[in-house]
Amino acid sequence: MSKFITFEGVDGAGKSTHLAWFADALRQHGPDVLVTREPGGTPLGEQLREILLNQPMSIGTEALLMFAARLEHIEQVIKPALQAGKWVISDRFSDASFAYQGGGRGLDWSKLSQLEQWVHPDLQPDLTLFFDVPVEVARQRLTNNNASLDRFEQEQADFFERVRAGYHKRVQQNLRRYIVIDAAQPMDAVKQKLEKIILSL
Ligand code: TYD
């Protein structure tokens, strides 16, 4: 049976590295795995990503564009793949909008719930892995990695504290679909945890 799995965490938590490893390990057990990401995942979504990561805009616009990209992603990629029996792993999904636009930027949680209801009333991840790490550790990893920082990554520590708190709130509201992973541990310890998760799936 196909599954929809999402990866979440503050910038610098290491989720993208772990995602690549997880997808490869999962494929070795047989499933046809599609890896995708948000914002993005479709040609239009990738154009919106470019704008979202670089162009200053109001908070409401940011939330609406995130969900616009998401609607496209769901209709063009996620649902067709699940219907074809594939497993879909997405690097971020709506939890990121609650954490970043809700927690980080302070947009009303209820507005985000309305958008979620509109854009995917009948779809939620089967499983969400939340890579949780203290903000100082995540900041350190981001600055060690020489890549240039996007509009979100350039935010200050207090923004990321609010993002992290937003994720924690979302976890509390959706305990059954979440696994919280301590991403401050060494990579190997995280991999061992991921291996166990794969076996349980
Ligand atoms: P990220 O997933 O961290 O990609 P990369 O590892 O390539 O930098 O980048 C996406 C950024 O978009 C990240 O800073 C979080 C932000 N974001 C939101 O603010 N809201 C959302 O709904 C989504 C999906 C992402």
Side-chain angles (χ1 to χ4, degrees), residues 4-23 35-42 44-74 76-78 88-109 111-120 123-125 128-133 135 137-167 169-171 174 183:
F4 178 32
I5 301 173
T6 57
F7 277 51
E8 298 284 354
V10 298
D11 292 275
K15 103 195 128 46
S16 304
T17 311
H18 292 308
L19 189 155
W21 186 86
F22 183 90
V35 172
T36 185
R37 68 168 179 183
E38 290 203 350
T42 65
L44 175 59
E46 290 295 327
Q47 283 184 301
L48 291 171
R49 178 185 178 93
E50 219 13 67
I51 296 170
L52 279 159
L53 296 193
N54 299 300
Q55 164 99 38
M57 64 186 75
S58 76
I59 300 171
T61 307
E62 191 176 284
L64 288 166
L65 289 182
M66 290 290 178
F67 273 96
R70 181 162 301 129
L71 182 54
E72 201 66 14
H73 191 208
I74 291 167
Q76 304 292 333
V77 176
I78 299 175
V88 176
I89 305 182
S90 185
D91 191 340
R92 301 192 185 280
F93 192 61
S94 289
D95 297 318
S97 296
F98 283 88
Y100 281 79
Q101 281 66 54
R105 304 264 195 243
L107 187 69
D108 270 2
W109 208 257
K111 288 213 172 86
L112 293 162
S113 296
Q114 283 171 8
L115 287 173
E116 183 184 38
Q117 267 306 306
W118 176 19
V119 169
H120 55 98
L123 176 75
Q124 281 295 342
T128 299
L129 303 185
F130 170 48
F131 292 81
D132 195 26
V133 74
V135 168
V137 177
R139 303 301 297 152
Q140 194 63 49
R141 287 180 185 165
L142 266 189
T143 42
N144 285 349
N145 171 355
N146 279 324
S148 63
L149 300 182
D150 66 39
R151 208 162 61 82
F152 294 98
E153 291 164 343
Q154 284 167 22
E155 290 288 343
Q156 302 301 311
D158 60 333
F159 174 83
F160 289 101
E161 293 291 357
R162 294 195 302 275
V163 170
R164 188 180 184 206
Y167 271 125
K169 178 168 169 186
R170 196 69 179 153
V171 170
N174 299 276

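Predicted, not measured: the structure shown is a model, and the values here were computed from it. Remember, it's 1-based here, ligands and their atoms both numbered in the order they're listed.
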Residue and atom name of the nearest protein heavy atom (relative to atom 18 (C) of ligand 1), distance in Å to one decimal: Met66 CE, 3.2 Å
N or O contact, Glu38 vs ligand 1, cut-off under 3.5 Å: no
Ligand-residue contact atoms, ligand 1 with Ala96, heavy atoms, under 4.0 Å: 20 (N), 21 (C), 22 (O), 23 (C), 24 (C)
Ligand 1 contact on Ala99 by region, counting heavy-atom pairs under 4.0 Å: neither
Salt bridge Arg162-Glu155, side-chain N to carboxylate O under 4.0 Å: no
Atom of His120, atom of Leu123 and distance for their closest heavy-atom approach: ND1-O, 2.7 Å
Numbered atoms of ligand 1 (with element) below 4.0 Å of Phe152, judged on heavy atoms: 12 (O), 14 (O), 16 (C), 19 (O)
Ring geometry between Phe152 and Tyr100 (parallel below 30°, tilted from 30 to 60°, perpendicular above 60°): perpendicular
salt_bridge(Glu116, Arg70) N-O dist < 4.0 Å: no
Protein contact of atom 20 (N) of ligand 1 - nearest heavy atom, named by residue and atom, plus distance: Gln101 OE1, 2.8 Å
Closest heavy-atom pair and its distance - Ala183, Ala13: CB-O, 3.5 Å
Side chain proximity check, Arg49 to Leu52, heavy atoms < 4.5 angstrom: no
Nearest non-hydrogen protein atom, atom 8 (O) of ligand 1: Glu153 OE2, 3.2 Å
Interatomic distance, Leu71 atom CG to Leu64 atom CG [nearest 0.5 angstrom]: 12.0 Å
For His73 against Thr42, the heavy-atom pair lying closest together: CA-CG2, 3.7 Å
With Phe130, the ring-ring contact (aromatic ring centres under 6.0 Å, His included) member among Phe98, Phe93, Phe7, Tyr167: Tyr167
Proximal ligand 1 atoms for Pro39, defined as those under 4.0 Å from one of its heavy atoms: 12 (O), 23 (C), 24 (C), 25 (C)
Proximity to ligand 1 by part of Glu62, non-hydrogen separation under 4.0 Å: neither
Ligand 1 contacted by Arg151 (non-hydrogen, < 4.0 Å): no
Heavy-atom nearest neighbour in the protein, as seen from atom 9 (O) of ligand 1, with distance rounded to 0.1 Å: Arg49 NH2, 3.7 Å
Minimum-distance protein heavy atom relative to atom 1 (P) of ligand 1: Arg92 NE, 3.5 Å
Which residue and heavy atom of the protein sit nearest atom 3 (O) of ligand 1, plus the separation: Asp11 OD1, 3.0 Å
Atom 6 (O) of ligand 1 [closest protein heavy-atom partner, distance rounded to 0.1 Å]: Ser16 OG, 3.7 Å
Selected option - heavy-atom contact closest to atom 22 (O) of ligand 1, from Ser97, Ser90, Gly40: Ser97
Check against side chain to side chain contact (heavy atoms under 4.5 Å, CB included), Thr6 and Glu38: CA-CA 10 Å; Thr6 57; Glu38 290 203 350; over 6 Å; no
Heavy-atom nearest neighbour in the protein, as seen from atom 11 (C) of ligand 1, with distance rounded to 0.1 Å: Leu53 CD2, 3.7 Å
